[in-house]
A.B. asks: 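I am attaching a structure below and will ask some questions about it afterwards.
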Amino acid sequence: QSQELSQVRIDYHAALQALVEDGTRMVCTGRMHTDRICRFESLCYSTEAEEFVFFHSNASIMLPNLGSRRFQPALLDLSSVEDHNTQYFNFVELPAAALKFMPKPVFVPDVALIVNRFNPDNLMHVFHDDLLPIFYTMQQFPDLDLETRLFFMEGWGEGLHFELYRLLSNKQPLLREQLKTLGRLLCFTKSYVGLSKITTWYQYGFVQPQGPKANILVSGNEIQQFTKFMIEKLNVSFEGMPSEDYIVVFSRTINRLILNEAELILALAQEFQMKTITVSIEDHTFSDIVRLISNASMLVSMHGAQLVMSLFLPRGATVVELFPYAINPEHYTPYKTLSTLPGMDLQYIAWQNMEKENTVTYPDRPWDQGGIAHLDKAEQDRIIKSTEVPRHLCCRNPEWLFRIYQDTKINIASLVQVIRQTVKMKPGPKRQKWTSGLYPGKVRDAKCQASVQGTSEAKLSVSWQIPWNLKYLKVREVKYEVWIQEQGENTYMPYILSHQNHTFSDNIKPFTNYLVWIRCIFNKNLLGPFADVLLCST
Ligand code: UDP
């Protein structure tokens, strides 16, 4: 056995006997391949076949047992990117008796989390697709503690940001290539396969043009719990940090440059009367970048993966995203979506270069850096004349690449004007706790009383008690919404009320059944649930 895996001792003979007698056991969560995570005992992997193996024996379990639907299209997504056809997980099946004829299994004693990273060289993908999903998948299953062993099966090398992945557990993550050195048949004693997508907020445009995910389920709080963990693991020291407010310009040094960066820094410093510093991935350690960003009042950067670091900004800070010529900021919003998640409490500002004379294009570079020389002449001319890249799918649209890899001379006056429309005073982190966001419970003990006056007039008196949780909360404003619906009708009359009782007389008819719906509202926009509907007869 390799020294990599020998930290936890296991009884080899007992492990082999369990595998032969019990086989593989799998129980999954999720109804579809896109929301499935599976827990296995004795899942194996053949490093020669590069396939996972499920051994059938007396005690095998396979839930869900999908039959051949397991291949339509797969058992589950191994990365956090939804339904990507290069990221599927499956296994092949064998009877446990076949072990007699196979290489001697090598057991992995650590609890394993087996996943694919999506694009480990791009910082946005690292945080959004891998680090956050791994962190919260580990929160979901108590077995996945800091002693978890991460297995990255996508087949890449370590990638540019491996140090970040190593923060997630105390054990060195292993790559697919390294498994070969461990043995021909690996068997994971206990493993989880797949990643939670619950924290992802963006879809990259594989089936429809890129944009925010349809149903975002993460808020600033969960992002901040994650960044708190990362800051601790990075051992970031805040000693000797300036107490004054400052602005960070996150610069790119290879492409998509700001051509007048010095002028920009001076202008920002002058306009906001704040120290302004630059950072870049090339010139700073992660620990430094995180330290500087997590206390900044404003982060200014070209559109690009480095902007995912706004994850680390303090509440109240401002994000300024700069877009090159012909790139419509509304069409590329991964960082806007992040900044404006509820509870992130960041101000987001987009600026676009609208002046052709301030852009520098690179038609002769390779296609993946925005070159267009490989296209036919008419297409090149069309792209050069175009003033906006039309919406497109990922990932190789030449017009998009041509425009996004332009360098830009920032028109300082127009940028300052755009920032000033949002940031009136000095920008600055407000460090007070975010307290909004607690919702009312149901109103209680709702009652109604009807009275009829003559043949055409009637009144309905409705009363209720405050939601149970209100007595433990400080709430700025408490209102009640009441809907009165005549039974059998599709429409209703809505009322917003301040008190816990009200007598309705407008449009109330005698000898009629009404359905009364009541809910509580905190601070104008925190809508509680409706209480059970009240049936009132006049
Ligand atoms: N990158 C960088 N400086 C540069 C160019 C790129 O730090 O001058 C980083 C960038 O932040 C990302 C990776 O290199 O993490 C790949 O950049 P690319 O332009 O391919 O992707 P994008 O930033 O458009 O997502």
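Read the numbers this way: they start at 1 and go in the same order the structure lists the ligands and their atoms.
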A.B. asks: Pairing donors with acceptors under 3.5 angstrom, does anything connect the side chains of Asp83 and His33?
C.D. replies: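 Note: Asp83 and His33 side chains meet the donor-acceptor criterion.
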A.B. asks: Which residue supplies the protein heavy atom nearest to atom 15 (O) of ligand 1, what is that atom called, and how far is it?
C.D. replies: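 Answer, as residue, atom name and distance: Leu123 N, 3.0 Å.
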A.B. asks: Indicate yes or no: does Asp110 engage Lys171 in a salt bridge with an N to O separation below 4.0 Å.
C.D. replies: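 The answer is yes: the pair qualifies as a salt bridge.
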A.B. asks: Answer yes when Arg252 and Glu261 have at least one side-chain N-carboxylate O distance shorter than 4.0 Å, and no when they do not.
C.D. replies: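 Salt bridge: no.
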A.B. asks: Determine, for Asp129 against Arg117, whether the closest basic-nitrogen to carboxylate-oxygen distance falls under 4.0 angstrom.
C.D. replies: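 Judged by the 4.0 Å cut-off on N to carboxylate O distance, Asp129 and Arg117 do not form a salt bridge.
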A.B. asks: Can you list the ligand 1 atoms lying under 4.0 Å from a non-hydrogen atom of Gly304?
C.D. replies: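 By the 4.0 Å cutoff, the relevant atoms are 23 (O).
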A.B. asks: Measure the distance from atom 9 (C) of ligand 1 to every protein heavy atom, then report the residue, atom name and distance (to 0.1 Å) of the closest one.
C.D. replies: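 Looking only at protein heavy atoms, the one closest to atom 9 (C) of ligand 1 is Ile281 CD1, 4.3 Å.
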A.B. asks: Would you tell me whether Tyr165 and Asp130 have side-chain atoms, one donor and one acceptor, within less than 3.5 Å of each other?
C.D. replies: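 Judged by distance alone, the side chains do pair up.
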A.B. asks: Identify the protein heavy atom lying closest to atom 8 (O) of ligand 1, giving its residue, its atom name and the separation to 0.1 Å.
C.D. replies: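 Closest protein heavy atom to atom 8 (O) of ligand 1: Ile254 N, 2.6 Å.
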A.B. asks: Quick one: nearest non-hydrogen protein atom to atom 24 (O) of ligand 1, plus distance?
C.D. replies: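 Nearest neighbour among protein heavy atoms for atom 24 (O) of ligand 1, to 0.1 Å: Arg256 NH2, 2.8 Å.
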A.B. asks: Taking the basic N atoms (NZ, or NE/NH1/NH2) and the acidic carboxylate oxygens, is any pair closer than 4.0 Å for Arg382 and Glu379?
C.D. replies: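 Yes, Arg382 and Glu379 are salt-bridged.
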A.B. asks: Provide, to 0.1 Å, the distance between atom 20 (O) of ligand 1 and the closest protein heavy atom, together with that atom's residue and name.
C.D. replies: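 Answer, as residue, atom name and distance: Tyr405 OH, 3.1 Å.
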A.B. asks: Do any heavy atoms of Asp121 fall under 4.0 Å from ligand 1?
C.D. replies: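 The answer is yes, since Asp121 has a heavy atom less than 4.0 Å from ligand 1.
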A.B. asks: Which protein heavy atom lies closest to atom 12 (C) of ligand 1, and at what distance to 0.1 Å?
C.D. replies: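 The closest one turns out to be Ala305 CB, 3.4 Å.
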A.B. asks: Tell me yes or no: between the side chains of Tyr202 and Gln210, is some donor less than 3.5 Å from an acceptor?
C.D. replies: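 Tyr202 vs Gln210: donor-acceptor pair found between side chains.
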A.B. asks: What is the distance from atom CD1 of Ile327 to atom CG of Leu322, rounded to the nearest 0.5 Å?
C.D. replies: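 These two atoms lie 13.0 Å from each other.
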A.B. asks: For atom 16 (C) of ligand 1, what is the nearest protein heavy atom, given as residue, atom name and distance?
C.D. replies: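 Its nearest protein heavy-atom neighbour is Asn122 ND2, 3.9 Å.
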A.B. asks: Among Arg252, Met124, Glu282, which one puts a heavy atom closest to atom 2 (C) of ligand 1?
C.D. replies: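 Among Arg252, Met124, Glu282, the closest heavy atom to atom 2 (C) of ligand 1 belongs to Glu282.
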A.B. asks: Any non-hydrogen atom of His125 lying under 4.0 Å from ligand 1?
C.D. replies: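 No, His125 has no heavy atom closer than 4.0 Å to ligand 1.
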